Enquirer: 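Pasting in a structure now, in structure tokens, and then I'll have a few things to ask.
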Amino acid sequence: MATQAAPVLLTVAETASVMGVSKQTVYRLVHDGHLPAVRTASGKSFRIPEAAVHAYVRESFKQAPADPR
């Protein structure tokens, strides 16, 4: 039976750095359901799947309006 590699999980700070936004923006995206996240065992912090971050950024660029000029 083939095993799957565990997903790479990013901290909020790492996610903010990858996306080029503030940590508060990442928290907002998580709380609003735009980014999936799991809480750590302590329940005090989040981990966000790296693949979900890249998918969100990719979709954001697809939905961006064309240059209005």
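Counting begins at 1 with the first residue of the sequence. Just so it is clear, the model here is predicted, and its values are computed rather than measured.
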Enquirer: Just how far is it from atom CG of Leu35 to atom CD1 of Ile48, taken to the nearest 0.5 Å?
Expert: 6.5 Å

Enquirer: About how many Å separate CG of Leu9 and CZ of Phe46, when rounded to the nearest 0.5 Å?
Expert: 13.0 Å

Enquirer: Return each pair, listed once, that meets side-chain hydrogen bond (donor to acceptor under 3.5 Å, both in side chains) where at least one residue sits in residues 17-26; pairs must be two or more places apart or across chains.
Expert: Ser22-Thr25

Enquirer: Carefully, step by step, assess Glu14 and Val53 under the rule side-chain contact (heavy atoms from CB on, under 4.5 Å).
Expert: CA-CA 10 Å; Glu14 290 169 334; Val53 174; over 6 Å; no

Enquirer: When clusters are formed by joining ILVMFWY residues with side-chain heavy atoms under 4.5 Å apart, either directly or through shared neighbours, do Val38 and Tyr27 land in the same one?
Expert: no

Enquirer: If a pair satisfies side-chain hydrogen bond (donor to acceptor under 3.5 Å, both in side chains) and one of its residues is in residues 29-40, list it, with sequence neighbours excluded.
Expert: Thr40-Ser42, Thr40-Ser45

Enquirer: For Pro36 versus Ala52, what's the shortest heavy-atom pair and its separation?
Expert: CG-CB, 3.5 Å

Enquirer: Quick one: do Thr15 and Glu50 satisfy side-chain contact (heavy atoms from CB on, under 4.5 Å)? Show the steps, please.
Expert: CA-CA 8 Å; Thr15 301; Glu50 183 179 37; over 6 Å; no

Enquirer: With rounding to the nearest 0.5 angstrom, report the CG to CZ distance, Leu10 to Arg47.
Expert: 9.5 Å

